[in-house]
Amino acid sequence: MAKAPKRVAVTGAAGQIGYSLLFRIANGDLLGKDQPVILQLLEIPDEKAQKALKGVIMEIDDCAFPLLAGVTAHSDPMTAFKDADIALLVGARPRGPGMERKDLLEANAQIFTVQGKALDAVASRDVKVLVVGNPANTNAYIAMKSAPNLPAKNFTAMLRLDHNRALSQVAAKIGQPVSAIEKLCVWGNHSPTMYADYRFATANGKAVKDLINDQVWNKDTFLPTVGKRGAAIIEARGLSSAASAANAAIDHVHDWILGTNGKWTTMGVPSDGSYGIPEGTMFGFPVTTENGEYKIVQGLEIDEFSQERINITLKELSEEREGVKHLVG
Ligand SMILES: NC(=O)C1=CN([C@@H]2O[C@H](COP(=O)(O)OP(=O)(O)OC[C@H]3O[C@@H](n4cnc5c(N)ncnc54)[C@H](O)[C@@H]3O)[C@@H](O)[C@H]2O)C=CC1
Ligand SMILES: O=C([O-])CC(=O)C(=O)O
């Protein structure tokens, strides 16, 4: 028997990321090729944005996706999030050249208070939320705090783009396909302070650290390349990354719902106190997923260099959290 459709709410649906994301969701890339979906699309109540959203929906219709069981346009989160099973919170202002993601905090934080409250009021009690809009960790924290009746663990932030960027850099360095690499992770904030960590990684069973055997490359090339990749893309394209961000959002939710079969990935999740990260801090951790639940990988040794890096990214997140205290009560 055909599965009942899942409701997927997407905000910022007429934006750059939306344009790369919606078609893949409707194609079954998010929840599986046997899972019908209903798209509930939110844009700001602005004539131009709503008109653009209409245009995107016309194109979605024109694809005649067999798995698409419905698509609706909204200007109010209270209708867009109604009974949503999955919510992808993309809509927010992107940064331009010379800005850091935390410079967006003031412009975007309010959005996530409103949307967290709306999710709390009308979404499925088991809604799984991914925040993409920057600064993603702190926005996810705000949304989580604004939705006290929903499970805090269901609010997550996107570190998967950083994870995928790190995978790709490591694969190129060791001359092996990304598919050969396991046990890579990215700790902390989706910002240049993030700590991409290949100390535990293997490629076809061999230790990546030994294959690379170059701490100078790690410190002076790998970490800055991954950490500043978003800025490099803005510099090259004049716009922030969109297709790769949409792809990472698909990867994040796909793996959360459908499982990683014991493999590691990276998700920004509210800390449970693991690795000394204060409870509730929205932090990138290595996780495995099964039956729609993630588990933080436990028992990893944190050496002095890694602890220093983790402390730096935690400090930044703690400062961002302090800066939005007035919004989360
Ligand atoms: N976490 C990550 O790895 C990444 C995050 N991003 C972030 O994703 C966000 C979206 O990026 P783009 O799609 O490139 O931006 P965009 O400007 O092309 O699209 C954003 C859309 O969101 C809409 N929007 C704004 N406020 C809204 C609200 N309150 N409710 C619903 N819709 C709203 C806008 O009207 C616009 O259409 C930015 O904050 C960007 O920095 C981008 C790349 C990677
Ligand atoms: O850098 C930006 O502003 C967009 C983003 O988050 C990324 O590409 O990682």
Side-chain angles (χ1 to χ4, degrees), residues 9-22 40-56 73-81 87-119 130-140 142-143 156-166 186 188-194 196 225-253 266-268 282 284:
V10 182
T11 74
Q16 287 203 89
I17 295 176
Y19 198 67
S20 289
L21 183 61
L22 302 176
Q40 303 184 169
L41 307 180
L42 180 67
E43 258 299 341
I44 49 172
D46 161 272
E47 204 180 319
K48 212 171 140 210
Q50 289 294 324
K51 193 172 167 203
L53 179 57
K54 267 207 186 98
V56 174
H74 302 262
S75 58
D76 180 352
M78 290 292 281
T79 60
F81 296 157
L88 302 176
L89 307 189
V90 178
R93 203 181 125 189
R95 66 173 166 155
M99 291 172 83
E100 274 311 333
R101 297 184 188 96
K102 65 182 165 201
D103 298 334
L104 296 170
L105 200 47
E106 204 155 308
N108 290 340
Q110 201 72 43
I111 297 174
F112 295 87
T113 318
V114 172
Q115 295 186 356
K117 286 184 179 158
L119 286 164
L130 169 64
V131 175
V132 174
N134 277 318
N137 297 54
T138 298
N139 289 338
I142 295 170
T156 65
M158 194 161 94
L159 268 289
R160 185 60 179 262
L161 182 53
D162 312 299
H163 178 99
N164 288 349
R165 286 167 173 165
V186 182
N189 199 7
H190 173 62
S191 89
T193 65
M194 77 186 78
T225 301
V226 177
K228 295 181 191 156
R229 188 68 161 187
I233 286 164
I234 293 171
E235 169 65 26
R237 239 170 59 84
L239 288 168
S240 65
S241 55
S244 56
N247 179 67
I250 297 269
D251 284 351
H252 176 116
V253 174
T266 300
M267 289 172 70
M282 200 59 75

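Numbering of ligands and ligand atoms starts at 1, following listing order. Residue numbers start at 1 and run along the sequence shown. Everything numeric here is computed off the predicted structure, so don't read it as measured data.
Between Gln40 and His74 there is a side-chain heavy-atom pair separated by less than 4.5 Å. Two residues are said to be in side-chain contact when any heavy atoms from C-beta on lie closer than 4.5 Å; Pro192 and Arg101 meet this criterion. Residues Leu89 and Phe81 meet the side-chain proximity criterion, which asks for heavy atoms closer than 4.5 Å. Annotation: side chain of Leu159 is in contact with side chain of Asn137 (closest heavy-atom distance under 4.5 Å).
Of all atoms in ligand 1, listed by their number and element, those nearer than 4.0 Å to a heavy atom of Ala136 are 1 (N). Atoms of ligand 1 found under 4.0 Å from any heavy atom of Arg93 (numbered from 1 in listed order, with element): 38 (C), 39 (O). Of all atoms in ligand 1, listed by their number and element, those nearer than 4.0 Å to a heavy atom of Ile111 are 26 (N), 29 (N). Within ligand 1, counting atoms from 1 as listed, the ones closer than 4.0 Å to a heavy atom of Leu161 are 3 (O), 44 (C). Atoms of ligand 1 lying under 4.0 Å from at least one heavy atom of Gln115, given by number and element, are 28 (C), 29 (N), 30 (N). Residue-ligand proximity, Ile44 to ligand 1, at heavy-atom distances under 4.0 Å covers atoms 24 (N), 25 (C), 26 (N), 27 (C), 28 (C), 32 (N), 33 (C), 35 (O). Within the listing of ligand 1, atoms 1 (N), 2 (C), 3 (O), 4 (C) sit less than 4.0 angstrom from a heavy atom of His190. For ligand 1, the atoms sitting less than 4.0 Å from at least one non-hydrogen atom of Ala245 are 43 (C), 44 (C), numbered in the order shown with element in parentheses.
Taking a 4.0 Å cut-off on heavy atoms, Arg165 registers as neighbouring ligand 2. Using 4.0 Å as the threshold, Ala242 has no heavy atom nearer than that to any atom of ligand 1.
Using a 3.5 Å distance cut-off with no hydrogens or angles, the side chains of Asn108 and Asn139 do not pair a donor with an acceptor.
Between Val90, Ile233, Asp76, Val132, it is Val132 that holds the heavy atom closest to atom 1 (N) of ligand 1. Comparing His163, Glu43, Arg160 against atom 23 (C) of ligand 1, the shortest heavy-atom distance belongs to Glu43. Considering Ala249, Gly96, Ala92, Gly12 only, the shortest heavy-atom separation from atom 25 (C) of ligand 1 involves Ala92. Of the candidates Gly18, Pro94, Pro135, it is Pro94 that places a heavy atom closest to atom 17 (O) of ligand 1. For the residues Asn108, Ile17, Leu53, the heavy atom positioned nearest atom 12 (P) of ligand 1 is part of Ile17.
Contact record, Ser241 with Arg165: OG-NH2, 3.5 Å, taken as the closest heavy-atom pair. Closest approach of Ser244 to Leu161, counting heavy atoms only: O-CD1, 3.5 Å. Minimum heavy-atom separation, Ala87 to Leu119: CB-CD2, 3.9 Å.
Neither the backbone nor the side chain of Met194 comes within 4.0 Å of ligand 2, counting heavy atoms alone. Neither the backbone nor the side chain of Asp162 has any atom closer than 4.0 Å to an atom of ligand 2 (non-hydrogen atoms only). When non-hydrogen atoms are compared, ligand 2 lies under 4.0 Å from the side chain of Arg101 (C-beta onward) but not from its backbone. In Ile233, neither the side chain nor the backbone holds a heavy atom less than 4.0 Å from any atom of ligand 2.
In terms of N/O distances under 3.5 Å, ligand 2 is approached by His190. Where the criterion is an N or O separation shorter than 3.5 Å, residue side chain and backbone included, Ser240 fails it with respect to ligand 2.
Of all protein heavy atoms, the one lying nearest to atom 8 (O) of ligand 2 is Ser241 OG, 2.5 Å. Ranking the protein heavy atoms by distance from atom 3 (O) of ligand 2 puts Arg95 NE, 2.5 Å first. With hydrogens left out, the protein atom closest to atom 19 (O) of ligand 1 is Gly15 CA, 3.2 Å, a heavy atom.
With sequence neighbours excluded, no residue satisfies ring-ring contact (aromatic ring centres under 6.0 Å, His included) with His163.
Dense packing is recorded around CZ of Arg95, with more than 12 heavy atoms of other residues, nucleotides or ligands lying under 6.0 Å away.
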